[in-house]
Amino acid sequence: MLEPMGLPKDVSVIAWGLSLERPTMIYYNVDNIRDLFGHKVNIGTTKKNPICYIQNEEKTAKSASDVAQESTQKPKERTFIMIKPDGVQRGLIGQIISRFETKGFKLVAMKLTEPGRAHMEAHYADLSSKGFFAGLIDYAASGPVCAMVWEGDNAVLTGRKMLGATKPFDSEPGTIRGDFCIHVGRNIIHGSDAVESANHEIGLWFTEAELCAWNHHSTTWVYE
Ligand code: DAT
Ligand code: MG
């Protein structure tokens, strides 16, 4: 399928590890490609497709580029995080984003939005029988919220730990709720509580096109 060919030095190529089903969007300069992949590499192109593919002849230990590619090809766990109107009003967006960024999670989507009561009722539908539901919706729909999707290994459970307990009094110092708020009705942030609910919430808040597929340059320094 692949025909060996001489490549101009300034051509970019797409890397395609054997463990991957399709090419990634990581581009390398041909000058450096053999250095990156070592000598166990074929460079070729198909007749139909002018794009040049790199294929490992033999799977060896994961290279840095393999890890980066896998992070693109197989999305890691994602969680939906929302800074509520009080967190936005109190100027906490930056500090909260910073915690997720410095943890090593990857931001996949983010928007400041005011989607209205009906949307908040859908988001909190599982709590509709609770006595505090009406107040919760009043509060959640009272101003803009910062909706985000963060990605990484165990993002859902780790995100919950980073948020702290629902009631700030029960939240450990060092957690977001433990550090930044006092009352359960003003607990500044939402985080998905399970992978299933995360996927549901991400679908409720974002279109597929709003979820950015990108490679974080630090991937190989966050994951071994
Ligand atoms: P969490 O936000 O930790 O997932 P939850 O899903 O049980 O907690 O409740 C959603 C939100 O509803 C919570 O962040 C704040 C509010 N809430 C929960 N329990 C409450 C209570 N007893 N009184 C007032 N508001 C409450
Ligand atoms: Mg919840």
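As the structure lists them, so they are numbered: ligands from 1, and atoms in each ligand from 1.
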For Leu127, the atoms of ligand 1 under 4.0 Å from one of its heavy atoms are 6 (O), 9 (O), 10 (C)

Gly178 and Thr175 have their tightest heavy-atom pair at N-OG1, 2.9 Å

Between Ala198 and Ser192, the two heavy atoms sitting closest are CA-OG, 3.4 Å

message: Do the side chains of Arg117 and Asp138 get close enough for a salt bridge, i.e. N-O under 4.0 angstrom?
response: yes

Residue, atom and distance of the protein heavy atom nearest atom 2 (O) of ligand 1 read Arg177 NH2, 3.0 Å

Whether Arg186 and Asp86 form a salt bridge (side-chain N of Lys/Arg under 4.0 Å from carboxylate O of Asp/Glu) is what I want to check. no

Under 4.0 Å between heavy atoms, the region of Arg160 that gets near ligand 1 turns out to be side chain

Ligand 1 to Asn187, heavy atom cutoff 4.0 Å, flagged ligand atoms 13 (C), 14 (O), 15 (C)

The ring-ring contact (aromatic ring centres under 6.0 Å, His included) partners of Phe105 (sequence neighbours excluded) come to none

A student checking ligand 1 against Lys84 at a 4.0 Å heavy-atom cut-off should list atoms 13 (C), 14 (O)

* Asked: Can we call the ring centroids of His216 and Tyr223 under 6.0 Å apart?
  -> no

Sidechain N-carboxylate O distance under 4.0 Å for Glu151, Lys76 | no

Do any heavy atoms of Asp193 fall under 4.0 Å from ligand 1? no

Short version for Met82: what comes under 4.0 Å of ligand 1, heavy atoms counted, is neither

Ranking Tyr124, Phe133, Phe132 by closest non-hydrogen atom to atom 25 (N) of ligand 1, top hit is Phe132

protein heavy-atom neighbour closest to atom 3 (O) of ligand 1 works out as Thr166 OG1, 2.5 Å

Within 4.0 Å of some non-hydrogen atom of Leu136, the atoms of ligand 1 are 11 (C), 12 (O), 16 (C)

